[in-house]
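Single-structure report; data block below.
For ligands, and for the atoms within them, numbers begin at 1 and follow the listed sequence.
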Amino acid sequence: MQLDRILQSQGFGSRKECRKLARDGEVKVGGEVITDPFAEYDENGFVFEVGDWEWEYAEKVYIALHKPIGYECSHKPAHNESVYHLLPEPLVARNVQSVGRLDVETTGLLLFSDDGQFIHAISNAKRHVTKTYRATTASPVLDTQIAALLSGVSLDDEPEPVKALTVNKTSERQLELVIDHGKYHLVRRMIAAVGNHVEQLHRFGVGGLSLEDGSLPELEVEDWCYLRPKHLALLGYEP
Ligand code: URA
């Protein structure tokens, strides 16, 4: 594929802008500046640099972000920063979307992709991809509350009671729970429904991926990484 087409496909701008990037000496391949925008390369496994960034060609990208508090999962947030500002511009330009959403106040693992099939597969309720949350509560966690979360709580706009798959009390006011639904404010609403209140919420796992068990590279808050095939396999997804 021609260099300008490769750059365009990876989110570096229009064909014209990508030709200019090359002509301006901004693009390197194997450490060498390539000013010919029409130079041909095999795009598979193609590694190049634009400015100070090293990039690897990918037909589709899959990303994990450690979301900080105070960021909205929206391109045009009303009152907060956007999670998309935490990703490099070329990734946003190629239209990656978050896989579901986390509330502004929720921290933790958030996935993104420009592969619509992947987004659909991971967010599709029928696939039952698990999400693991740590909730810090306002009042001590009671055994009756744990039992109610496990047996299912009725929520206003849900036709059926919603159950947590597992619930572990990890300290007096903290519990970890696994759910396989992805509805709006679900964990906060479930915990409110059993008579407690979430003060902090952190999602540390999605499917077989966790921020805490080495299944992903270590991600500090605000850091992101690419998901490789082994990570996608842990989500039960094969591109
Ligand atoms: N449940 C919530 O209440 N908030 C989230 O961000 C995710 C799940």
Checklist entry - Which residues, ordered by chain and number, are linked to Val178 in its hydrophobic cluster, where ILVMFWY side chains connect at heavy-atom gaps below 4.5 Å, directly or through other members? => result Leu165
Item to check | Heavy-atom side-chain contact between Leu109 and Leu216 under 4.5 Å | outcome: yes
Next on the checklist: Using a 3.5 Å cut-off on N or O atoms only, is His185 in polar contact with ligand 1?
Outcome noted: yes
Checklist entry - Would you call Arg188 and Glu105 a salt bridge, using N to O less than 4.0 angstrom? => result no
Checklist entry - Ring centres of Phe12 and Trp55 under 6.0 Å apart? => result yes
Checklist entry - Strictly by modelled atom types, are Asn168 and Thr170 linked by a side-chain donor-acceptor pair under 3.5 Å? => result no
Checklist entry - Parallel, tilted or perpendicular for Phe118 and Tyr62, by the 30°/60° rule? => result perpendicular
Checklist entry - Looking at Thr106, which atoms of ligand 1 are within less than 4.0 Å of one of its heavy atoms? => result 4 (N), 5 (C), 6 (O)
Checklist outcome for this item: By side chain to side chain contact (heavy atoms under 4.5 Å, CB included), Asp114 pairs with (sequence neighbours left out) Lys60, Val61, Arg94, Val96
Checklist entry - Quick one: nearest non-hydrogen protein atom to atom 1 (N) of ligand 1, plus distance? => result Val187 N, 3.0 Å
Checklist entry - Which ligand 1 atoms does Tyr133 reach within 4.0 Å, using its non-hydrogen atoms? => result 7 (C), 8 (C)
Checklist entry - In terms of residue, atom name and distance, what is the protein heavy atom nearest to atom 4 (N) of ligand 1? => result Asp103 OD2, 2.7 Å
Item to check | Contact partition for Leu201 relative to ligand 1, non-hydrogen atoms under 4.0 Å | outcome: side chain
Checklist entry - Would you say Arg101 and ligand 1 have an N/O pair spaced under 3.5 Å apart? => result no
Next on the checklist: Please report whether ligand 1 has a polar contact with Leu102, defined as an N or O pair separated by less than 3.5 Å (distance criterion only).
Outcome noted: no
Item to check | contact_flag Tyr184 ligand 1 heavy-atom lt 4.0 Å | outcome: no
